[in-house]
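Per chain, numbering begins at 1; letters A, B, ... match sequence-line order.
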Amino acid sequence: MDSLRAAPGSSAPVEGSTHDVRLTIDGRDHQITVEARESLWETLTLRLGQRGANLGCDRAQCGVCNVIVDGRAVNSCALLTARLDGVSVRTVASLAAPGQGSEGLHPLQRAFWEAGAFQCGICTKGFLMTSLALLERNPDPTAADVLDAVSGILCRCGEQARIVQAVRRAADVLAGRAPTPPGGQTLMPHASEVLGTRVPRIHGRSQVTDEGEFVSLMSLPGQVFVKTLRSPYPRARILSVDSAAAEALPGVVRVLHAFNLPEPYRSITIEGPPPRRLLNVEVIQVGMPVAVVAAESEGIAEDALALVDVEYEALEPALDFLAAASAARQWDNPLPGTIRNVMGPIVIGEPDRALDDADVLVESVATTPYEQHVPLELRTGLYRWDGDTLTTWQTTHRTFDVRRELARWLGLPEEQVRVIQTGFMGSSYGSADQLVEELALPAVVARLVGRPVRSMLTREESFLTSAHRGRTRTHVKLGVSRAGDLEGLAVDVLFDGGTNAGLPPSSAAARGLTGVGVLGGWYPFQILYSYPHQRYQGTEVWTNSFRAGPMRGVGRHFGLFALETAIERAAYAVAMDPLDFRLRNLNETGALFDELTGERPGLPFGRVGGQRQSLLRAAELVGWREGWHPPAAREVRPGVFHGMAIVSTIDRGGGKQGGTSKDGLPPPSTGQVLLHPDGTLEVRSGSTEVGAGQRTLLAMLAAQTTGVPLDRVQIAPGVDTAFNTNTGPSNSSLQMNVAGWAIVEASEGVRGEIRARAAEWLSRTAGTAIAPESLEVRDGWVSLPGSGLRVAVDELVAGRGAPIEGLSDRRRQLTVESVATGAHAVEVEVDTRLGSIGIVRYVAVHDVGRVLNRLMLEQQVEGGIAMGLGGALYEELLVDWQTGLPLNVSILDYKPPSVLEVPPIVVDFVEVPQDYGPYGALAIGQASTPPVGPVLANAFHNATGVWLTDLPLTRARVLGALGSAA
Amino acid sequence: MADPVRIVCAYPDGALPSGWFQAVQRARRTVRRAGYRARVELTPASCVTVEADVVIAPPVAAPAIRASAAAGRAERIAAEFIVVESTEFGAAFDLLVGRLVADGRLDRAPEPPRTIARHRGFQAIGERARIAE
Amino acid sequence: MRSFRLHEPTSLAEAVESLSAFGLAGRPLGGGTDLVAGIMRDQVVGSAMPYPTDLVDVVRLPELRGFRATDRGVVIGAATTLAEIAEAPLIRGTLPMLADAAGQVATPEIRAIGTLGGNLNQRPRCWFFRNRDFDCIKKGGDICFAVKGDNRYNAILDANICFIVHPSDLGAALMALGAEARIAGPRGERLTSFDDYFVGPTLNLVGETTLAPDELLVEVTVPRPPDGSRQRWDKVNEKGLPTWDFALASVATLATVEDGVWRDGRIVLGGVAPVPYRARVVEAALVGRDIVAAVPDAMGAFRGATRPMRDNGWKVELAAVVLERALRALAGESAA
């Protein structure tokens with residue numbers, strides 16, 4: 001009888017109407033016939049194959065897809081093409097004239113590129129077109145005008161302030177208030193001594209035009225589209241699936257589910273325990289795939305999904321990680337595997353006695369929520385089989401890992417899987433780290449239907465399927481002497497690892513997953529301050545809520561939040577200036593312990609001066625000595641209180657753990673550098689660009705090392721496993737070290753040959769033997785210092801048949817810890833009535849060893865802070881505990897900060913060169929994200945006298961805390 | 001075993017007053033507490049197009065349902081069509097239940113497990129499964 | 001997205017006829033920023049609101065376009081965009097509160113295509129309603145998940161059974177301005193005061209307005225505000241500035257104030273109740289009194305009317321602050 005009843009809203013699809021439309025796109029007339037449901041973005045991208053508009057949410061919530069229609073910027077995802085008869089559409093493709101480098105670029109494009117108004121570039125087209133519409137109406141906008149005009153567009157890389165600057169600079173050029181900058185082949189300098197300077201993105205032209213190949217804009221001839229029906233239960237057994245009605249729908253090519261997926265695919269185990277297959281009979285989290293439809297269009301696939309009947313038996317889930325962590329409430333997990341992963345205790349000295357004996361005992365409990373990266377490109381994969389070889393285009397930062405895992409799952413040798421990462425990716429921030437069924441299912445569909453597949457996740461699916469920051473609760477005890485010395489520390493972390501918790505170290509820790517979530521939280525405690533007596537313990541809890549994974553670092557954010565809020569309490573408890581208290585207790589002995597064994601003295605690290613210098617510099621920039629005051633002492637307007645705080649920060653950028661391959665060895669470190677007979681230097685590297693500028697940096701290292709000017713250096717934007725060599729994944733600045741050293745080494749090989757040839761050439765010219773080692777290569781010339789003897793590098797290769805080749809191939813033992821420290825300081829105004837925290841000034845100082853590209857480094861810091869700000873003030877992924885369903889899986893409800901909320905940030909660097917990365921650099925990693933939460937919470941305390949130890953600091957929390965304190 | 005008795009409580013399209021909703025909720029509780037094998041559903045008038053044993057509707061929705069039946073969209077609008085105001089709903093429902101029991105059309109049976117549910121696409125057919133009993 | 005049919009009627013009569021024919025599965029289509037990009041893409045459906053298979057495009061109907069001054073006041077067609085309302089000198093000049101409210105809705109992109117009718121008739125933002133996996137009462141189910149679930153953003157007053165807050169900024173503004181709606185339907189046209197345009201859960205759990213599924217909002221008439229009256233629009237959302245997001249609390253006021261004394265006026269709160277809330281209890285505490293002196297009584301009256309849920313007591317405090325600031329500003333402006 002049930003089957004006779006219509007599910008509400010699941011009526012059979014109607015035959016949609018079609019409409020003849022004439023419209024002008026970028027000056028060209030089009031006459032097309034479209035279905036009513038086709039959006040303008042779909043028309044541009046899927047029907048016409050253009051790349052003039054990116055897509056971020058498909059819900060009119062992010063502005064990434066903005067184009068100009070009849071003079072106004074609008075969301076192209078929200079417009080139905082059928083209604084656009086007679087209109088004129090302009091996309092970014094209309095902006096630039098053909099050319100190379102900066103040739104032919106519109107002043108807006110040029111300004112965005114030069115100012116670093118983007119990193120990954122997924123939002124850039126939306127900002128450009130929206131700004132253009134503004135400038136056409138208002139040629140001389142104020143900063144406020146620009147902010148208002150672009151307030152509907154999100155940038156997740158944190159370049160809000162630079163965007164406003166770039167628009168105003170372009171306005172000045174367009175209005176003749178500023179000179180038109182010279183055009184040219186490239187914005188890259190004609191110089192080889194480029195390290196330490198500001199160099200914009202080497203492929204920036206492709207990001208400000210429609211040239212960049214974002215996978216979400218690409219199609220394959222003959223492709224089918226896949227859409228996935230997902231579990232609405234956190235844990236359930238699928239009793240039956242009836243896909244007959246869906247299969248009967250015209251345009252549906254195939255429907256797959258756990259009961260009809262053929263072998264060998266049915267038995268593929270993605271990971272575990274518990275075993276996780278491509279399509280599971282028992283689902284263990286909301287959003288796991290239940291059925292997959294392949295169809296001739298996305299719309300048909302969605303119509304078909306609405307016809308698939310699934311019978312579920314809901315099983316009791318583990319949702320409350322605090323309850324699940326207590327032995328008394330352990331969930332009876334019938335699946336193999338663990339539900340708790342207890343780490344430690346690691347005990348150094350006698351912490352219990354030290355805490356008992358301390359003059360003052362400070363205790364605090366800090367919590368952090370589930371958070372999500374919200375990378376603005378919708379994760380997309382294209383899949384094509386040629387015989388038994390799979391070629392796939394992926395939005396990933398783990399190009400070679402994707403190849404390895406796909407080959408393993410599909411039972412193919414790695415040579416038969418080719419993975420292409422185009423170099424244009426609406427970034428990751430860690431979200432693309434998880435290599436799961438989402439990656440493999442479309443490959444299997446493509447195999448079974450014998451056609452290429454395009455798979456693009458929705459924004460909601462992106463929230464559901466990618467990794468999250470797990471929830472945490474960290475209990476900290478600090479013992480302090482009246483004189484202000486830290487005597488003892490006890491840390492106890494509870495970490496909600498979701499369905500990733502307890503994965504064996506071979507899979508979890510090795511991939512930077514939650515096995516190190518707890519340990520990642522310990523890390524700031526271990527390193528930043530010194531305490532004679534310490535105890536660490538942690539419990540990672542398995543729950544049916546999402547899957548925890550890296551997000552701008554692993555565990556640092558909650559560890560630093562718990563540490564720095566506790567340190568702040570300790571300083572106030574002994575009535576010391578919080579800056580002085582920190583300086584007094586800095587850990588400058590340079591030793592730490594190994595988290596897994598507790599052995600001491602652990603790995604040496606040399607970050608002694610940098611941390612102290614960072615704190616002092618940040619204090620100076622924020623005006624600490626003049627501005628700091630006791631709590632709740634400065635009411636600037638009725639109900640509005642001034643507050644200040646300063647905290648330390650740390651990350652292990654590109655360190656030992658992030659750099660360990662699945663086989664437990666360090667990642668291969670490879671690269672090739674070729675000096676071609678035409679004088680161009682080609683850099684080849686498998687280091688994946690995710691938007692942070694990895695490829696630009698490699699080109700700079702090659703220029704600096706070989707002496708070939710940067711404008712003669714070429715590097716392809718993308719990575720293709722068929723042509724590049726594996727050099728590890730791009731996470732936490734690992735590539736600065738791994739690929740960076742490889743390119744330096746390969747470049748040294750080239751430089752050696754350049755010198756050898758030059759020595760021969762100059763010896764002939766001078767008539768005397770000149771040793772190659774005595775020669776200097778710089779800006780394209782080889783010279784003998786002090787002699788006036790020189791020869792152009794071009795001369796040395798011209799007319800030769802083969803390039804000069806340098807290469808590097810080794811596994812670089814990363815025995816040295818790369819510890820990137822810094823300090824953030826903030827000045828806030830807290831409106832105690834509206835419950836808001838307004839940032840007056842934000843200062844970030846980071847010790848980076850040596851600055852290699854100041855522009856990109858500032859961008860990395862800004863991006864980390866923008867995301868940290870979201871997490872500190874607004875972002876929190878909420879779950880309904882009655883059903884286990886997420887509540888706010890949309891951009892509107894999740895509330896990432898927009899241009900309106902990210903203030904300009906003062907960024908500075910401390911340079912204490914280190915023997916770690918190339919040219920004394922340290923990998924900065926994600927050191928700029930974690931301090932935002934604690935520095936704001938501490939400033940809130942300074943302003944109001946009230947402690948906040950639960951993130952985010954929403955109006956509800958602020959008003960709640962102030963209300964109960966009153 | 002025969003199918004449960006289906007009692008469809010209709011309301012005018014797009015307009016469900018809280019009084020009618022609460023009356024239907026009370027009826028559901030009555031059925032559940034007594035363990036009757038009956039399902040009480042709440043449906044917009046124009047969607048009363050499927051098999052139902054009894055249809056209950058307020059006077060304001062009755063013409064639409066009759067028209068719909070006349071137009072053949074609800075040809076199987078069933079044996080019983082009760083028209084009441086929400087204030088009279090409770091009494092009318094009790095009478096109905098009494099009559100159905102007396103006629104042997106309504107019996108008692110253990111409730112099926114509430115942890116099992118069928119979904120079509122993204123929608124549960126009927127109630128969502130409870131994740132814990 | 002799932003398939004549907006788009007109808008492009010050329011007259012109001014034809015549009016109404018279409019809506020009548022399609023019943024619950026037919027919806028008038030304005031800018032589509034909520035209906036298409038929200039409700040339909042997210043498949044927010046249920047027995048009370050089946051997937052809309054037939055959309056009736058109303059933005060090109062001449063009766064719904066543009067705005068004009070008449071002797072009854074300013075008449076604004078339902079298909080007028082929010083950007084037009086925010087920018088039009090006619091509206092900004094005489095109805096600055098309405099222009100401010102329109103200018104703070106969502107984002108510039110949405111204001112460029114979103115319409116007056118769409119803003120007034122948009123569906124609520126309650127996350128249980130918006131998430132397709134919760135079959136809540138408003139969609140035709142039998143549970144309000146907000147009662148036991150996370151209700152931090154839900155209603156703090158005037159709610160029962162269903163605890164949404166109404167998302168329309170312009171609804172609050174028009175109610176305060178004493179506007180009137182012209183509605184077309186198969187039985188002809190009717191006029192409704194905005195005091196009666198929105199309908200709370202007691203009268204209707206599955207809709208928020210007086211519009212029947214086969215009716216269409218044609219235009220809104222805003223009467224000329226009384227001479228010497230003052231208007232204010234105040235809005236607070238979760239993040240910093242009042243745009244981008246929906247109001248946590250908004251206050252629309254139209255008041256005649258003399259020497260700091262509240263003579264007459266209307267106060268409407270948005271974002272706090274299932275429909276824009278006419279704060280008559282606050283008005284009563286103010287009338288005939290010096291505003292500053294009456295503020296404590298007015299705030300007491302407001303708090304007394306609230307019934308916060310488990311997680312949203314803070315919204316009472318927030319709304320009270322916004323309301324108090326609006327009142328004090330009105331008093332200050334008057335004195336200045």
Side-chain angles (χ1 to χ4, degrees), chain A residues 8-11 13-17 19 35-37 58-60 63 66 72-75 77-80 82-83 130 148-149 151-152 232 299 302-303 306 460 833-836 838 873-874 878 880-883 885-890 892-893 895 897-898 900-901 954-956 959-960 963, chain C residues 1-8 31-33 36-38 41-43 45-51 53-55 57 59 83 106-110 112-113 125 127-128 130-131 133-135 139-140 145 148-150 152 236 238-241 243-245 248 311-315 317-318 321-322:
Chain A
S10 287
S11 48
V14 297
E15 190 173 332
S17 54
H19 305 259
E35 273 191 276
R37 61 179 156 190
D58 211 21
R59 295 292 184 277
N66 281 6
R72 280 195 190 261
V74 293
N75 306 113
C77 73
L79 296 179
L80 300 175
R83 306 174 82 194
T130 307
D148 182 57
S151 61
E302 286 186 60
D303 281 338
E460 181 189 350
R833 296 184 186 164
L834 290 177
S836 58
L873 297 178
Y874 319 115
L878 297 165
D880 174 58
W881 305 114
Q882 307 163 89
T883 57
L885 290 165
L887 287 175
N888 54 346
V889 286
S890 71
L892 184 62
D893 289 320
K895 304 189 197 304
S898 72
L900 301 177
E901 289 85 33
T954 56
R955 286 188 199 269
L959 289 176
Chain C
M1 67 192 301
R2 287 174 57 191
S3 61
F4 61 88
R5 293 178 285 251
L6 176 66
H7 306 271
E8 298 175 296
T33 54
V36 173
R41 289 243 172 87
D42 284 330
Q43 298 188 40
V45 299
S47 68
M49 48 181 295
Y51 184 79
T53 52
D54 291 274
L55 300 187
D57 190 339
V59 301
T107 63
E109 297 86 324
I110 286 178
I113 54 175
R125 301 303 316 184
W127 44 37
F128 297 106
R130 288 283 161 169
N131 186 325
D133 291 318
F134 294 102
D135 188 23
K139 289 184 268 188
F145 292 87
K148 288 186 183 169
D150 190 324
R152 68 180 69 186
V236 174
E238 181 70 62
K239 299 199 287 183
L241 296 176
T243 55
W244 203 85
D245 203 354
L248 293 172
D311 303 326
N312 66 7
W314 65 280
K315 271 187 72 173
E317 299 312 308
L318 188 73
V321 172
V322 182

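Side chain of Arg955(A) to backbone of Glu238(C): a donor-acceptor contact under 3.5 angstrom is found. For Asp303(A) (side chain) and Ser3(C) (main-chain N/O), a donor-acceptor pair under 3.5 Å exists by modelled atom type.
Shortest non-hydrogen contact noted between Arg5(C) and Glu15(A) is CG-O, 3.5 Å. Shortest non-hydrogen contact noted between Ala36(A) and Leu6(C) is CB-CB, 3.8 Å. Trp127(C) and Leu887(A) make their closest contact through CB-O, 3.4 Å (heavy atoms, listed as atom of the first residue, atom of the second, distance).
With rounding to the nearest 0.5 angstrom, the OG1 atom of Thr883(A) is 8.0 Å from the CG atom of Asp133(C). Remark: Phe145(C) CZ to Asp880(A) CG distance equals 7.5 Å, nearest 0.5 Å. Taken to the nearest 0.5 Å, the CG atom of Asp58(A) stands 8.5 Å off from the CE atom of Met1(C). A distance of 5.5 Å separates CZ in Arg41(C) from SG in Cys77(A), rounded to the nearest 0.5 Å. Taken to the nearest 0.5 Å, the CG atom of Leu80(A) stands 4.5 Å off from the CZ atom of Phe4(C). Between atom CZ of residue Arg833(A) and atom CD of residue Glu317(C) there is a gap of 12.0 Å, rounded to the nearest 0.5 Å.
With chain C as the partner, the residue from Pro232(A), Ala82(A), Gly16(A), Gly835(A) showing the most heavy-atom pairs under 4.5 Å is Gly16(A). Across Leu892(A), Leu959(A), Val74(A), Asn888(A), the residue that shares the most heavy-atom pairs under 4.5 angstrom with chain C is Leu892(A). Per-residue counts of heavy-atom pairs under 4.5 Å with chain A were compared for Asn131(C), Asp57(C), Thr107(C); the largest is that of Asp57(C). Between chain C and the options Gly963(A), Ala78(A), Ala956(A), heavy-atom pairs under 4.5 Å are most frequent for Ala956(A). Most heavy-atom pairs under 4.5 Å with chain A, from the set Val36(C), Asp42(C), Thr243(C), Asp311(C): that is Asp42(C).
The closest side-chain heavy-atom distance from Thr954(A) to Trp314(C) is not below 4.5 Å.
Salt bridge present: Lys239(C) and Glu901(A) bring a charged side-chain N and a carboxylate O closer than 4.0 Å.
Every residue meeting the side-chain hydrogen bond (donor to acceptor under 3.5 Å, both in side chains) condition with Asp150(C), not counting sequence neighbours, appears here in chain and number order: Arg152(C).
For Ile110(C), the parts lying near chain A are the backbone and the side chain together; criterion is any non-hydrogen pair under 4.5 Å. Contacts of Arg72(A) with chain C are made by side-chain atoms alone, with heavy-atom separations under 4.5 Å and no backbone atom involved.
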